Amino acid sequence: MYYADTIIKGAIDIYRQLILSSGYQFQGKSADKLEQWLEGLEGSSFYDILDFVIRDMLIYGEFWLEKVKSKHNKNLIVGIVRIDPKTMDYKRTAYGKIALDELRRPIGYIQKLPDTGQQIEFAPDDIIHGVYNPIENEFRGLGLVESVYNIALAKLEIQESLAHNIYRHAFPIYLCKFGTETIYPTQEDVEEMRRALENLNAKSEIFIPHWVDIQVLEPKNIEKIQELLEYFIDQEIAALGVPKALLFGGEATNRATLSTQTRIMKARIESIQRFLSSVFRNELFKPLAAQEKWSDVPKLVWNPIEIEDLNAKADRLTKYAEAGFIEPDEQIKKHVRRMESL
């Protein structure tokens, strides 16, 4: 559905961009050592891994990373790689339930390779599993796609119906009635009319006898289908939590409404960032600190998010200027001229 529905893909991509665009840093006495370790990753950088993780989390409600161990020491973490969530599952009992230990923790995981069907078993310490928006006793998460799946399916069916009706409007179906009570057309007359209509276009001229009646079968209820489509689009956008103005560039939106939607989206993004920071600190940074004998466990800290429409920013700067907090010096003038292309 991520690739089939442009609104879902657009919303998830906006979340990815906004979450990562603020930037991040590592804090703690061992932050430099963590950065050095992450710089040694092969294949994908930590930034790329975060991007994969955010996408998987928003689509599937969870992400999976394998802690790559040294060939010479199975307890030594030497890297991390993404695992496709569609291939992963918990170890299960004979009754299909998730197998848990005495503390109700999963005893392990199984990856089923799609090409060969081969199954690979992982111990809990081999995997970083982030469960976002948990359901089913916190063992599975709920992504954005699942929450709007039925709405998106209905919307796609309506879009197909609307496209069909628009096609019918552009390339109409003709209904021809031949003959009268006294005139009986031949099969040759019918075939000749069929060929004429087959090649009909905007520049065509056609002459018909009085005993031929041609009607155009016009598509019906296009406006009602469009209204229904707009309803499902609004429902989908509301569930995804992305302002319509961000998804549809020039969409006119009430300023107060946009401001409220932006604050809600910002809160959701900050919640996702806190979740990611917690998972990586507990599941990766802690075992690395113990393995490398660091003096502390570093933290992943995100920079403040800037989601603000230009009008709100202009109003705030105007108030600062009126209160005397900002003086119109040459540097500010040059900056404004550059930003406004003056």
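Predicted model only: the values in this text are computed from it and were never measured.
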Practice prompt. Could you list the residues that satisfy side chain to side chain donor-acceptor pair (under 3.5 Å) with Lys69, not counting sequence neighbours?
Written response: Asp126
Fill in: Shortest non-hydrogen separation from Val145 to Ile59 and the atoms involved
CB-O, 3.7 Å
Worksheet item: Is a side-chain donor or acceptor of Glu146 paired with a backbone partner of Tyr60 at a separation under 3.5 angstrom?
Response: no
Worksheet item: Looking at residues at least two apart in the chain, or sitting in another chain, which of them share a side-chain contact (heavy atoms from CB on, under 4.5 Å) with Leu100?
Response: Ile98, Arg104, Pro106, Phe139
Worksheet entry | Lys/Arg-Asp/Glu bridge criterion (N-O < 4.0 Å) met for Asp89, Arg140 | yes
Fill in: Under 3.5 Å: donor-acceptor pair, side chain of Asn73, backbone of Ser70
no
Item to complete: With the side chain counted from C-beta on, respond yes when Trp64 and Glu62 share a heavy-atom pair under 4.5 Å apart, and no when they do not.
Response: yes
Worksheet item: Do you know which of Phe280, Tyr24, Phe275 makes ring pair (Phe, Tyr, Trp, His ring centres under 6.0 Å) with Trp302?
Response: Tyr24
Worksheet item: Between Phe52 and Tyr47, does the ring centre distance come in under 6.0 Å?
Response: no
Discussion item. Can you give me the closest heavy-atom contact between Pro298 and Ser30, atom names plus distance?
Written reply: CG-O, 3.7 Å
Side-chain donor-acceptor distances from residues 108-122 under 3.5 Å, at least two apart:
unit_1 : atom_1 : unit_2 : atom_2 : d
Gln111 : NE2    : Thr87  : OG1    : 3.2
Thr116 : OG1    : Gln118 : N      : 3.2
Glu121 : OE1    : Lys91  : NZ     : 3.0

Discussion item. According to side chain to side chain donor-acceptor pair (under 3.5 Å), who are the partners of Asp48, at least two apart in sequence or on a separate chain?
Written reply: Ser45
Practice prompt. Not counting sequence neighbours, which residues clear side-chain contact (heavy atoms from CB on, under 4.5 Å) with Val131? List them please.
Written response: Tyr90, His129, Pro134
Worksheet item: Are there more than 12 heavy atoms of other residues, nucleotides or ligands under 6.0 Å from atom CD of Glu230?
Response: yes
Worksheet item: What residues form a salt bridge (Lys or Arg N to Asp or Glu O under 4.0 Å) with Glu66, not counting sequence neighbours?
Response: none
Item to complete: Using a strict 4.0 Å threshold on nitrogen-to-oxygen distance, state whether Lys9 and Asp13 make a salt bridge.
Response: yes
Worksheet entry | Step-by-step side-chain contact (heavy atoms from CB on, under 4.5 Å) determination, Ile127 to Lys67 | CA-CA 6 Å; Ile127 293 294; Lys67 299 174 188 174; over 6 Å; no
Worksheet entry | By salt bridge (Lys or Arg N to Asp or Glu O under 4.0 Å) - contacts of Lys86 (at least two apart) | Asp84
Worksheet item: Listed by chain and number, what are the side-chain contact (heavy atoms from CB on, under 4.5 Å) partners of Asp125, not counting sequence neighbours?
Response: none
Fill in: Whether over 12 other heavy atoms sit under 6.0 Å from Phe178 CZ
yes
Worksheet item: Are Leu240 and Ile7 close enough that some pair of their side-chain heavy atoms sits under 4.5 Å apart?
Response: yes
Worksheet item: Can you list the residues that meet the side-chain contact (heavy atoms from CB on, under 4.5 Å) rule with Ile151, with sequence neighbours excluded?
Response: Phe232, Gln235, Glu236
Response to the item:
Residue set satisfying side chain to side chain donor-acceptor pair (under 3.5 Å) with Gln25, at least two apart, ordered chain then number -> Asn303
Discussion item. Less than 4.0 angstrom from a charged side-chain N to a carboxylate O is my criterion; do Arg195 and Glu188 meet it?
Written reply: no
Discussion item. Quick check on Glu42: does its CD atom have over 12 non-hydrogen neighbours (other residues, nucleotides or ligands) under 6.0 Å away?
Written reply: no
Would you give me the side-chain donor-acceptor pairs under 3.5 Å for residues 287-295, sequence neighbours excluded?
unit_1 : atom_1 : unit_2 : atom_2 : d
Gln291 : OE1    : Ile77  : N      : 2.7
Gln291 : NE2    : Ile77  : O      : 3.1

Worksheet item: With respect to Phe63, which candidate in Val53, Ile83, Leu58 satisfies the side chain to side chain contact (heavy atoms under 4.5 Å, CB included) definition?
Response: Val53
Item to complete: Kindly give the heavy-atom pair with the smallest separation between Val242 and Ala11, and that separation in Å.
Response: CG2-CB, 3.7 Å
Worksheet item: In the hydrophobic cluster built from side-chain contacts under 4.5 Å, what are the other members alongside Val81?
Response: Val68, Leu76, Val78
